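Here the structure is a predicted model, which is why all the values come from computation and not from measurement.
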Amino acid sequence: MKRAALIIIALFLLSTSFRASAQVTTKYGDNVSTLDGIIKAFYDVVSVQKGGKVYFERDSLLHWKDVRVGGVSMNKDGKPVIGFVTLKRFHELSDPYVEKDGFDEREIARKTERFGAIYHVFSTYESRNVAGGPIIDRGINSIELFNDGTRFWILGWFYDSERKDNPIPAEYLK
């Protein structure tokens with residue numbers, strides 16, 4: 001009888017230790033322990049009401065140290081060019097605009113590929129100046145992530161916007 005009780009107690013303790021996986025959150029409350037959590041934080045951190053404030057520190061807690069980010073634009077000849085900057089420089093360039101006019105960007109579809117601890121996410125987005133307002137931009141964020149076994153880190157990202165000559169393929173809208 002004692003042996004059966006010990007086995008039951010041992011199984012209970014073992015099962016509760018496997019179920020209790022620690023959720024990792026940043027000091028701003030962003031859940032970085034799941035892919036869904038870090039992608040949600042990725043969008044939440046840049047969404048701000050008109051006259052509000054974007055917090056570089058909050059965003060930096062999602063990213064690997066010295067990360068580079070960027071986007072595609074068209075040069076004067078209509079050819080695509082890519083610009084990469086540090087996360088800090090990105091905030092210096094974009095924060096005044098989004099704080100002045102407001103910015104709300106939301107994921108509308110996602111395609112994820114994974115191998116071991118590395119992830120690649122094509123995250124289709126829509127941008128507005130205010131939640132529920134007219135769409136001002138759509139495109140795809142290409143996000144590279146690393147999971148260290150405890151949390152996700154954004155290693156880098158870049159985006160390209162939808163244009164007349166660059167529509168978002170149907171496969172990235174599901």
>> To the nearest 0.5 Å, what is the distance between CD on Glu107 and CD1 on Ile143?
In response: 7.0 Å
>> For Thr112 versus Leu35, what's the shortest heavy-atom pair and its separation?
In response: CG2-CD2, 3.8 Å
>> Taking the side chain as everything from C-beta on, heavy atoms only, tell me whether Ser33 gets closer than 4.5 Å to Thr150.
In response: no
> Hey, what's the ring geometry for Phe42 with His63, parallel, tilted or perpendicular (30° and 60° as the breaks)?
Replying inline: tilted
> Can you tell me if Ser161 and Asp137 form a side-chain donor-acceptor pair at under 3.5 Å?
Replying inline: yes
> Which pair of heavy atoms, one from Val48 and one from Val98, lies closest together, and at what distance?
Replying inline: CG1-O, 3.5 Å
> How many angstroms lie between atom CD of Glu144 and atom CD of Glu113, to the nearest 0.5 angstrom?
Replying inline: 9.5 Å
>> Using side-chain heavy atoms (C-beta onward) and a distance below 4.5 Å, is Tyr28 in contact with Glu57?
In response: yes
>> Does Gln49 have more than 12 heavy atoms from other residues, nucleotides or ligands lying within 6.0 Å of its CD?
In response: no
>> With a 4.0 Å cut-off on N to O distance, would you call Lys88 and Asp95 a salt bridge?
In response: no
>> Keeping Glu105 on the side-chain end and Val46 on the backbone end, is there a donor-acceptor pair under 3.5 Å?
In response: no
>> Please report the interatomic distance OH(Tyr172) to OG1(Thr124), rounded to the nearest 0.5 Å.
In response: 8.5 Å
>> In this structure, would Phe56 and Phe90 fall into the same cluster of hydrophobic residues linked by side-chain contacts under 4.5 Å?
In response: yes
> Going by heavy atoms in the side chains, are Ile154 and Ile38 under 4.5 Å from each other?
Replying inline: yes
> Going through the checks in order, is the side chain to side chain contact (heavy atoms under 4.5 Å, CB included) test met by Asn31 and Lys40?
Replying inline: CA-CA 8 Å; Asn31 177 2; Lys40 179 183 182 310; over 6 Å; no
> For Gly133, does its backbone N or O pair with a side-chain atom of Arg128 as donor and acceptor, under 3.5 Å?
Replying inline: yes
> Are Val85 and Val67 co-members of a hydrophobic cluster defined by side-chain heavy atoms under 4.5 Å apart?
Replying inline: yes
> Between Asp36 and Arg110, is there a salt bridge with N-O shorter than 4.0 Å?
Replying inline: yes
> Is any side-chain heavy atom of Asp160 less than 4.5 Å from a side-chain heavy atom of Asn166?
Replying inline: yes
> So if you build clusters from Ile, Leu, Val, Met, Phe, Trp, Tyr with side-chain heavy-atom gaps below 4.5 Å, do Leu155 and Phe158 land together?
Replying inline: no
>> Nearest 0.5 angstrom please: Tyr125 OH to Ile108 CD1, how far?
In response: 10.0 Å
> Below 4.0 angstrom, N of the basic side chain to O of the carboxylate: do Asp30 and Lys27 qualify?
Replying inline: no
> In terms of hydrophobic clusters joined by side-chain contacts under 4.5 Å, are Val45 and Tyr97 together?
Replying inline: yes
> Between atom CG of Asn147 and atom CH2 of Trp153, what is the distance when rounded to the nearest 0.5 Å?
Replying inline: 11.0 Å
> Considering the options Asp101, Asp104, Ile135, which one meets the side-chain contact (heavy atoms from CB on, under 4.5 Å) requirement together with Asn129?
Replying inline: Asp101
> Is a side-chain N or O of Ser142 found less than 3.5 angstrom from the main chain of Trp157, in a donor-acceptor match?
Replying inline: no
> How about Asp59 and His91: do any of their side-chain heavy atoms sit closer than 4.5 Å?
Replying inline: yes
>> Looking at every non-hydrogen atom in both residues, tell me the closest pair between Val121 and Leu145 and how far apart they are.
In response: CG2-CD1, 3.7 Å
>> Is it the case that over 12 heavy atoms from other parts of the model lie below 6.0 angstrom from the CZ atom of Phe146?
In response: yes
> Are side-chain N/O atoms of Arg106 and Tyr43 paired as donor and acceptor at under 3.5 Å?
Replying inline: no
> Would a 4.5 Å heavy-atom cut-off, applied to side chains only, mark Lys50 and Glu99 as touching?
Replying inline: no
> Is there side-chain contact between Arg68 and Leu87, with at least one heavy-atom pair below 4.5 Å?
Replying inline: no
> What heavy-atom pair brings Ser127 and Phe103 nearest, and what distance separates the two atoms?
Replying inline: OG-CZ, 3.6 Å
> In Å and rounded to the nearest 0.5 Å, what is the OG to NZ distance from Ser73 to Lys79?
Replying inline: 14.0 Å
> When hydrophobic residues are tied together by side-chain contacts of less than 4.5 Å, even through go-betweens, does Tyr55 share a cluster with Leu62?
Replying inline: no
